[in-house]
Amino acid sequence: MALKDYNDKRKFDETTEPKGKTKKSENKLIFVIQRHAASRLHYDFRLEMEGVLKSWAVPKGPSLNPDDKRLAMMVEDHPYDYKDFEGNIPEGNYGAGQVEVWDSGTYEPLDQESKLSDEKELLKELKAGSLKFILHGKKLKGEFALVKMKNAENNSWLLIKHKDKFAEDKYDAEENTAKNSQVTKFLEEKKKPKKQQKEVITSEIKPKFQRFNSLVDEKKLKTFIKPMLAKPFEKAFDDEDWVFEIKWDGYRAVADLSKKESLFYSRNGISFLSKFDKVSEDFSKQKHKMILDGEIVAFDENGKPSFQMLQQIGDNPDLALTYQVFDLLWLNGHSTEELPLIQRKELLKEALIETDIIKYCDHIPEKGIDFFNQMKKMELEGMIAKKADSLYIENSRNSDWLKIKFTNTEEVIICGFTEPRGSREGFGALILGKYIDEKLTYSGHTGTGFNNESLNSLHEKLKKIVTKTSPFETIPKTNMPVTWVKPELVCEIKYSEITKDGIFRHPVFVAIREDKNPEEIADSTKKGSQINEKSKKMKAKTPSKKTEISDKDSEITLNKHKVKLTNQDKVYFPKDKVTKGDVIEYYQSVADYILPHLKNRPLSLNRYPNGINEQSFYQKDASDNIPDWIKTTQVYSESNDKYIDYIYCNDKATLAYLNNLGCIDLNPWNSSLPDLDHPDFMVLDLDPSKKNSFDHVIETALKVNEVLNSVKIKGYCKTSGSTGIHVYIPMGGKYDFEQVKDFAHILMKQVNEKLPKITTLERSLQKRDDKKIYLDYLQNRTGQTLASVYSLRPKEGASVSMPLEWEELKSGLKPTDFNIHNALERIKEKGDLFKPVLGKGIDMMKVLELLE
DNA sequence: GCTAGGT
DNA sequence: ACCTAGCAACGCCCG
DNA sequence: CGGGCG
């Protein structure tokens, strides 16, 4: 069909009102969070409603989480209209959502753990009618997470859906939009009255609104098309009813150019718009409104498609890539999914404007075998065969599309097996090796390809040749605990390619080769060994990305919480031979001293997952997958225009957890909950430049103390653990950051006047004299952090930030005098010298008068 | 990527 | 024939 | 480092 004919045939029927009628809400609703069991998708939603809880009930149906009784609730006085979709309620599992209940008077969130797990307690509250509530399905696993709301009076339902999988009607953009917008409208309606309230209500109830924002995730679409998939097929064939395309090895991607804002996303509805902005830019060159299906493909320097290059897009934004478009789902107002494939592609060819990046992916009719051989010559992954008259069926993997791949097979030696997980019996995966230059070399795991029978019989065989030690020189990292085996058994595997590290990608077990001895396959293909040569070089360039580990993983219980500790033997301080385990042990030993200084203070995490000499990063926003017992607080960040969940550390368990994440020093705010706007202390950071000696720093610190003494302030100093000294002055939360900062400025100016030769107030590094100590008073701002007292620092020597008596500040003192080895002893001897820092603050007015 | 098991 | 659930792998990005 | 994603 030609594009022109198609356009002429377009109808503009406006029959796109969503199904179902609009009803006035009855008074009672039951809320149930429903999900499909464990698919890989997660879906976060949040729904806030006005209403008073009337009663609650355990939902009917099988529960994934039998302990979770928190899901069905009855509500009164629900003030909103809602639309009612009839029928098609999927049967499924109920489970794992969260209900947060609020006190309708104070708007304080009630403690879920205690309130909701205690049925009597809750019912009491319910009777009193004093609860409002908020529902949020956080981390709901399941493809179709949705909220069902049942109207108790007439048994009708409202669904808020993730994806309207169960509806029978075909895709139609307008209709779909209408449905989606219902959800948004619904949620917006909920927000509206709140917003008006916001202005009226005082700041006391601020947390309520802070919380509302946190689950919005722009990266994941609420509604999206799942593309049609291909079935694996063994052999190439010729058939006049079929067409053949290249099988691209990249990311499958759908481009929805049907609306004002174009969408571009993965099979799972994750947006590609920013990740592949080059492609997105070219969407604006398109003249037609379309929905496209294709594959994002990257090319290496030889022009060969390269999956690995595509993955590394973060490192090289100038990567040569294309969007190969091979299907058209919608065009200028109407679905094309029910047109035969060849018609869709004709339309696509005409409608799509090709650019350097966006390409039409052509096909060859009938001659599959020739085409397949051609693909092989070009070293491509394989080909896709498509039935010429087939329709496009979303999210279906049926035999209209077939993928025919080239199989690489190789014989390898079984060197061990891993523990099975879940319902698997026998073993999880085989550890594979092969001889390269006469050295047994690790080449990957395979955990698939066996059926129950082969899995069992193989397990029996392997049990007989178990050994204690690994046959490899360097022990490979395994996902699960491993049992080693004498390298005697040979098996055949197939795989898609060998990665740059010389490891099989997509390895699949094929069969045991009893006819072969390990020695026979010693000289594997030249290609294999070449690739491995290469990988060795690559490894040399980026050392220790994959370090050997001994799996001394353990789980300890602190404060009644289970903390999983991993890689305890990993070396964090190579020169000092200090391991992660040592770091954890240190902090546990000084916990009584350090915890008071961390209590209720949001933390900036400074993480060194691979030790102090490797890449580190800062993390403020706690990911949503932290253990539920870790405490966080939400703080609005203007620069990001969003709320950030800060972790704070009030107990040993959190401390160990943070250390395990690679936090070597702890960087708390100067202010603490509940009042984050008023710092508990002022910090003066004496930050030396490269050419300063520590004696200079000491001299400056003493001068600071002089200034403080002159206005009758008691200051407290500590080594920063690095090169500087920090002076703290208690403020008692009486002044805001602005006041404290300005006050610090005044003090520092005085110090600078007294020591103009070795100190500076110049903030800019470029302009700063490299022989001068920077008097940093700007740490007294919201969200600024310094390494806390008793913090271990990520510096050679494993030094500790240690409080000092002023008398101890004299030349000869070195910042490395206090370290992981001797800190505890010293702290025990001196007690917590920094305790007064958290105490009663100074009277700034008095001081200012004295300054006059 | 694969198998098992249901409809 | 078609679908889901559950298991297994590797490499990369992200905070 | 752990989780999520291809």
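To find a chain, count down the sequence lines: A is the first, B the second, and so on, and within it residues start at 1. Values reported hereafter were calculated over all heavy atoms of this structure, with side chains retained and with hydrogens, waters and symmetry mates removed.
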I want to verify a distance call: between [options], whose nearest atom is closest to the [X] side chain?
X        : options               : answer
A:His506 : C:dG15, C:dG6, B:dG1  : B:dG1
A:Thr448 : B:dG1, C:dC10, C:dC2  : B:dG1
A:Pro232 : C:dC10, B:dC2, C:dG15 : B:dC2
A:Ala429 : C:dC2, C:dA8, C:dG15  : C:dA8
A:Asn567 : B:dA4, C:dG11, D:dC1  : D:dC1
A:Ile270 : C:dA8, D:dC5, D:dC1   : D:dC5

Residues A:Arg252, A:Asp293: salt bridge by 4.0 Å N-O rule
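Answer for the salt bridge query: yes.
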Check the phosphate of [N] against [X], side-chain N and O only, distance under 4.0 Å to OP1 or OP2. Yes or no?
X        : N      : answer
A:Lys494 : B:dC2  : yes
A:His445 : C:dA9  : yes
A:Asn268 : D:dG6  : yes
A:Ser399 : C:dC2  : yes
A:Asn610 : D:dC1  : yes
A:Arg421 : C:dA9  : yes
A:Asn479 : C:dA8  : no
A:Tyr265 : D:dG6  : no
A:Ser266 : D:dC5  : no
A:Thr446 : C:dA9  : no
A:Thr499 : C:dC10 : no
A:Thr566 : D:dG2  : yes
A:Asn660 : D:dC1  : no

Between [N] atom [atom2] and [X] atom [atom1], what is the distance in whole Å?
X        : N      : atom1 : atom2 : result
A:Gln311 : C:dC10 : CD    : C1'   : 8 Å
A:Phe509 : C:dC7  : CZ    : P     : 20 Å
A:Asp501 : C:dG11 : CG    : P     : 5 Å
A:Ile296 : C:dC13 : CD1   : C1'   : 15 Å
A:Met309 : C:dG11 : CE    : C1'   : 15 Å
A:Asn395 : C:dC2  : CG    : P     : 14 Å
A:Gln615 : C:dC13 : CD    : P     : 11 Å
A:Asp645 : C:dG15 : CG    : C1'   : 13 Å

Which part of the nucleic acid, if any, lies within reach of [X] when heavy atoms closer than 4.0 Å are counted: base, sugar-phosphate only, or nothing?
X        : result
A:Tyr251 : sugar-phosphate
A:Ser496 : nothing
A:Tyr608 : nothing
A:Lys405 : sugar-phosphate
A:Gly662 : nothing

Taking C-beta and beyond as the side chain, do [X] and [Y] meet within less than 4.5 Å on heavy atoms?
X        : Y        : answer
A:Tyr648 : A:Thr632 : no
A:Cys491 : A:Phe509 : yes
A:Tyr657 : A:Ile626 : yes

Can you say whether the rings of A:Trp629 and A:His561 are parallel (under 30°), tilted (30 to 60°) or perpendicular (over 60°)?
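A:Trp629 vs A:His561 ring planes: parallel.
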Pairwise [atom1] distance for [N] and [M], with rounding to whole Å:
N     : M     : atom1 : answer
D:dC5 : B:dC2 : P     : 23 Å
B:dG5 : D:dC1 : C1'   : 37 Å
B:dA4 : D:dG3 : P     : 30 Å

Is the NZ atom of A:Lys403 crowded by more than 12 outside heavy atoms at less than 6.0 Å?
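Atom NZ in A:Lys403 is packed in, count exceeds 12.
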Within the supplied structure, the quantity of interest is the number of heavy atoms (other residues, nucleotides, ligands) at a distance under 6.0 Å from A:Glu585 CD; does it exceed 12?
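Counting neighbours around CD of A:Glu585, 12 or fewer heavy atoms of other residues, nucleotides or ligands fall under 6.0 Å, so no.
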Taking the nucleotide of DNA chain B with the closest heavy atom to each, which residue, A:Glu453 or A:Lys403, is nearer the 5' end?
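Closest to the 5' end, via its nearest nucleotide, is A:Lys403.
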Any cation-pi pair here, A:Lys386 with A:Phe326, using under 6.0 Å and within 45°?
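Yes - A:Lys386 lies over the ring of A:Phe326, closer than 6.0 Å to its centre and within 45° of its axis.
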At less than 3.5 Å, do the side-chain atoms of A:Gln308 and the base atoms of C:dG11 form a donor-acceptor pair?
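Looking at the base of C:dG11, it does not pair with any donor or acceptor on the side chain of A:Gln308 (distance under 3.5 Å).
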Between the base of D:dC1 and the side chain of A:Arg607, is there a donor-acceptor distance below 3.5 Å?
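Such a pair is found, so the answer is yes.
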pi-stack flag for A:Phe504 and C:dA9, centroid dist under 5.5 Å, interplanar under 30°
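Per 5.5 Å and 30° rule: no stacking.
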